[in-house]
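Scroll down for the structure; my scribbles are underneath it.
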4 protein chains.
Amino acid sequence: MTVSEKRARKVEQIHAAAARLFAERGFHATRMADIAAALDMQAGSLYYYAESKEDLLVGIVESRVGVAVASLRDVLASEASVTDKIRTAITAHLRAFQEDADIYSIFNFERLGDISPEVAEHVDRRGREYEALWGDLVRAGVQGGELRRDIDVRVTVKAIVGLCNSTLLWFRPGGRLSLDEVSGEFAALVLAGLAATGGPGT
Amino acid sequence: MTVSEKRARKVEQIHAAAARLFAERGFHATRMADIAAALDMQAGSLYYYAESKEDLLVGIVESRVGVAVASLRDVLASEASVTDKIRTAITAHLRAFQEDADIYSIFNFERLGDISPEVAEHVDRRGREYEALWGDLVRAGVQGGELRRDIDVRVTVKAIVGLCNSTLLWFRPGGRLSLDEVSGEFAALVLAGLAATGGPGT
Amino acid sequence: MTVSEKRARKVEQIHAAAARLFAERGFHATRMADIAAALDMQAGSLYYYAESKEDLLVGIVESRVGVAVASLRDVLASEASVTDKIRTAITAHLRAFQEDADIYSIFNFERLGDISPEVAEHVDRRGREYEALWGDLVRAGVQGGELRRDIDVRVTVKAIVGLCNSTLLWFRPGGRLSLDEVSGEFAALVLAGLAATGGPGT
Amino acid sequence: MTVSEKRARKVEQIHAAAARLFAERGFHATRMADIAAALDMQAGSLYYYAESKEDLLVGIVESRVGVAVASLRDVLASEASVTDKIRTAITAHLRAFQEDADIYSIFNFERLGDISPEVAEHVDRRGREYEALWGDLVRAGVQGGELRRDIDVRVTVKAIVGLCNSTLLWFRPGGRLSLDEVSGEFAALVLAGLAATGGPGT
DNA sequence: CATGAATGAGGGTTCATTCAT
DNA sequence: TATGAATGAACCCTCATTCAT
C-alpha cells in the first residue's frame with residue numbers, strides 16, 4: 001500500500017466518522033474533538049487531512065452526491081413497465097438510505113446553505129435532477145395509461161420522495177420489518193394511489 | 001392589561017421570535033443575540049423571561065406540543081366515514097404545519113434529545129399518541145372494510161405522517177398550489193392507495 | 001459622560017494599550033490576553049470593542065496616520081527660511097516620535113502589508129506624502145540658493161527621514177541628551193551637510 | 001566532500017533560507033514549514049540541523065555577527081585620512097547591507113531580546129563595538145582638526161549609523177541610483193555636515 | 001425592566017516539535 | 001537522513017450568561 005493510498009484511506013475514515021457524527025448530532029453540535037476521539041486522534045491532527053470542519057462537511061458531501069441520482073437513472077434505463085420501475089426505484093431509494101444513512105441525513109436535515117452555499121447549490125441541483133427523473137417516470141406512466149390522468153406530477157413526486165425520505169427518521173435495520181417489507185408496503189401504497197382506475201385511456 | 005399579562009405577552013413574543021430562528025437556522029446556529037435583535041432587545045434582557053437558551057426551547061416546545069394531537073382527536077370524534085376522516089386529518093395536519101411551521105420544524109428536525117431529554121421524551125410521547133390515533137383510524141378503516149386488509153398499519157401510519165411532514169421542506173404558501181390543493185392531492189394518493197379494491201368484505 | 005463617550009474612552013484605552021504592546025513586542029508576539037491583562041480585563045472582553053486583533057491594529061493606525069504629515073505641513077506653511085524650516089521640521093519629527101513613539105514604531109517596524117494591505121497602502125501613501133513635502137522643502141532650498149546644487153533630492157530626503165526615524169531605536173527621554181539637543185545636533189549635521197558652500201549661485 | 005562538509009553546507013542553506021524569511025516576514029510570522037518549503041523539505045527534517053526555530057535564529061545571528069565590525073576595523077587600520085576613512089566606512093556599511101541584507105534586517109528589526117537574551121546581548125555588544133569604532137574615528141577627526149569641534153560624538157555616531165541603517169528600508173539594487181551613488185551622497189552629506197569650517201585648529 | 005459591560009468556558013485552528021518507519 | 005504522521009499547547013475568537021447601574 002503506497003503512502004498516498006494510506007492517506008486516502010485515512011481521509012475516508014475521517015470522512016466516515018465525521019459523517020456519522022454530523023448525521024447523529026448535527027454539524028454544529030459536533031466538535032472536531034468528537035470526530036478525532038472517534039478515531040483515537042487529537043483534534044489538531046485532523047487538520048493534517050482537512051483544512052477545516054467546514055471542509056470536512058464539503059468533502060463528505062461532494063464525494064457522495066450524485067450516487068442516488070445515478071442509481072435511479074439505472075432503474076429508469078431498464079425496459080420494465082412504469083409500475084415496476086416505480087417499485088424498483090422506491091426500493092433503491094430506501095436501500096441507498098440504509099447503506100448511506102449518514103450522508104442522506106446530512107443532505108436532508110443539515111442547513112448546507114448556512115455552511116457552504118456552493119455545496120448547498122450542488123446538492124440542490126442533484127436533488128432537482130433526482131426529482132426531474134421521478135417526474136419523467138410519473139409522466140410516462142400517465143401518458144402510457146398506467147397512472148391516473150388527474151394527478152399533479154410535481155406534487156406527486158414530492159410526495160413519493162418525501163415518503164421515502166421520512167424513513168430516515170424511523171427506519172432502523174433489524175426492526176420489526178425488513179427494508180424490503182417497508183419498501184413493498186410503500187410501493188403498494190404509491191402504486192395503488194396512482195393507478196389508473198379503469199383500463200388505459202379511461 | 002395587568003403586569004403579568006404584559007409579561008406573558010412578551011414571553012410569547014420571545015418564544016415566537018426564537019421559534020422562528022430555531023426553525024430557520026437551527027438551535028445551535030441561533031445565538032441569543034439573534035433572538036434579542038429580532039425583538040430590538042439586548043441579549044441580556046432575554047434572561048428576564050427565560051432562564052437559558054435551552055429553557056427557551058423547552059418553553060416553546062412545551063407550550064405547543066399537544067395541539068396537533070388535540071386537533072386530530074377532534075377529527076376522530078366526528079361522525080364521518082374513515083375516508084372522510086383521513087381526508088380531513090391530512091388537511092388538518094398540513095394546515096397546522098402552515099400555521100405553526102416553526103414549531104413543527106423544531107419537532108421534526110431538531111435533536112431535542114441532545115438538548116433536553118425530558119422535553120424530547122415529552123415530544124416523542126405526543127408523537128406516539130398522534131401516531132396511535134392515526135393507527136386507530138386506519139385500523140377502523142380496515143375493520144370497516146373501507147381500507148385494504150393487507151396493509152401494515154404501523155408502516156402505513158409512518159407513511160402518511162412522513163408524507164405530510166415532508167411538506168415542511170418544500171411547501172410555501174403563495175406557491176403554485178394552495179395548501180388545500182396539496183392536501184387534496186395527498187389525500188387522493190393515500191385514499192386510493194389504501195382503499196379496499198373490491199367492496200367491503202372482499 | 002454619556003454612554004457612548006465612555007465607550008469611546010474605553011476604545012481609546014484599549015488602542016493605547018495595544019499600541020504600546022505592539023510597539024514593544026511586535027504584533028505577532030502580542031497576545032490578546034496581554035492587551036487585556038494590561039487593562040485588567042479578560043481577553044474575550046476586548047471583542048466587545050474590536051472585531052479582531054487585526055482590527056485593533058487597523059484602528060490604531062487609521063486613527064493616527066496623517067498627524068505627522070499635518071504637522072510638517074504647518075512647518076512648511078510658515079514664512080521662515082528653508083534653513084529654519086528644516087531645523088523646525090526635524091524637531092517636529094523627533095517630538096512627534098517622542099509623543100507617539102508607539103504608533104511610529106508600528107509604522108516603521110511592523111509589516112503592515114502582511115496584516116492588512118489596505119492599511120499598509122494607506123500608511124505608505126501618507127509616508128510618500130510626507131517625503132514629498134520634504135522634497136519640496138529641499139528643492140526650494142536648492143532653488144533659493146540656501147542648499148547645495150549637487151544633491152540628489154530624493155536620496156537626501158531618505159537620508160533626513162531615515163536619520164530622524166533611527167531615533168526610535170535608541171532615543172529615550174531622560175537620557176544624557178534632551179530631545180532638543182539631539183534634534184539640534186541632527187539639524188546642524190543636516191544643514192551643514194546640505195548648505196551651499198559659497199554664496200547663492202555659486 | 002566529506003559527510004560533515006555536506007552537513008555544514010546544508011546547515012548553511014537552511015540558515016540562508018531562514019534568514020531570508022525572517023528578514024522578509026519576521027521571525028514570528030515565519031513558520032518552520034515555510035523554511036522547509038523553501039528548501040523542498042519537510043518541516044520535521046529541519047530538526048536534524050537545528051534544535052529549534054529559536055536555535056535557527058541564534059545560529060544565523062551568531063554565524064554572522066562580527067563581520068561588520070571586522071570590516072570596519074580594516075578600514076580603520078588603513079593609513080587614510082579621517083575623511084577618507086569615513087567615506088570608505090559608509091560605503092562598506094552599505095555594501096555589507098546589500099550583500100547580507102537579511103542578517104542586518106534581523107539585527108535591526110527583530111526583537112532579539114524576546115527570543116534569546118544571550119544572543120541579543122551578543123548582538124548588542126557587537127553593535128556597541130561597532131559604534132565605539134565609529135566613535136574613535138570621529139574623535140580622531142575632531143582631534144586632528146578635520147571635523148568640527150562642537151559635535152557630540154555619540155549622537156553623531158548614532159546619526160551616521162542610523163542613516164546607513166535606514167537604507168535597509170528602501171534601497172534596492174537596480175533602482176534609480178547605484179549603491180555607490182547613494183553612499184557617495186551619504187558621505188557627502190556626513191562629511192560636509194561634520195567638516196571643520198575654518199582650517200584645522202580653528 | 002432593560003442595558004451596557006464583562007466574564008469565562010469552550011471551540012476551531014495553528015504550529016513547533018516529536019517519532020516510528 | 002528524511003518523511004509522513006501525530007501531538008499538544010497555545011492562540012484567536014464566540015457566545016451564553018451574569019451583573020451593576
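So that the names make sense, note that chain A is the first sequence line, chain B the second, and so on, each numbered from 1.
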- Message: Less than 4.5 Å apart, side chain to side chain, heavy atoms only: is that true for Leu57(C) and Val119(C)?
- Response: no

- Message: With a sphere of 6.0 Å drawn around CD of Glu51(D), does it hold more than 12 non-hydrogen atoms of other residues, nucleotides or ligands?
- Response: no

- CD1 of Ile115(A) versus P of dG12(E): gap in Å, rounded? 12 Å

- State plainly whether the residues Arg9(D) and Glu5(D) are in salt-bridge range, i.e. N to O under 4.0 Å. no

- Query: Given side chains that start at C-beta, do those of Asn108(D) and Phe109(C) come closer than 4.5 Å, heavy atoms only?
  - Reply: no

- Query: How does DNA chain E look in dot-bracket notation if pairs are Watson-Crick or G-U with both distances under 3.5 Å, crossing ones as [ ], other-strand ones as |?
  - Reply: .||||||||||||||||||||

- How close or far is atom P of dT14(E) from atom NZ of Lys53(C), stated in whole angstroms? 15 Å

- What string of B, S and - do you get for nucleotides 1-7 of chain F 5' to 3' if you count protein non-hydrogen atoms under 4.0 Å? BBBSBSB

- Message: Below 4.0 angstrom, which residues in residues 16-32 of chain C have at least one non-hydrogen atom near DNA chain E?
- Response: none

- Does any non-hydrogen side-chain atom of Phe22(B) lie less than 4.5 Å from one of Asp102(B)? no

- Message: If you define the side chain from C-beta out and look only at heavy atoms, does anything of Phe27(A) sit under 4.5 Å from Leu112(A)?
- Response: no

- Separation of dG10(E) atom P from Asp34(A) atom CG, nearest Å, is 13 Å

- Message: The criterion is ring-ring contact (aromatic ring centres under 6.0 Å, His included); which residues satisfy it with Tyr49(C), sequence neighbours excluded?
- Response: none

- Distance, rounded to the nearest Å, where Leu56(A) contributes CG and dG12(E) contributes P: 11 Å

- Task: Please state how far atom CG in Asp55(B) lies from atom P in dT17(F), giving the value in whole angstrom units.
- Result: 9 Å

- Task: For residues Leu168(A) and Tyr104(A), determine if any side-chain heavy atom of one lies less than 4.5 Å from a side-chain heavy atom of the other.
- Result: yes

- Query: Which pairs with one or both residues in residues 10-38 of chain A pass side chain to side chain donor-acceptor pair (under 3.5 Å), sequence neighbours excluded?
  - Reply: Arg25(A)-Asp34(A), Arg31(A)-Asp34(A)

- Task: Take Ile35(C) and Met32(C), measure what side chain to side chain contact (heavy atoms under 4.5 Å, CB included) needs, and give me the verdict at the end.
- Result: CA-CA 5 Å; Ile35(C) 300 168; Met32(C) 290 301 269; 4.2 Å; yes

- Item | Listed partners of Asp100(A) passing salt bridge (charged side-chain N to carboxylate O under 4.0 Å, His left out), at least two apart | Arg64(A)

- Determine: side-chain N/O of Tyr47(A) to OP1/OP2 of dT14(E), distance under 4.0 Å, yes or no. no

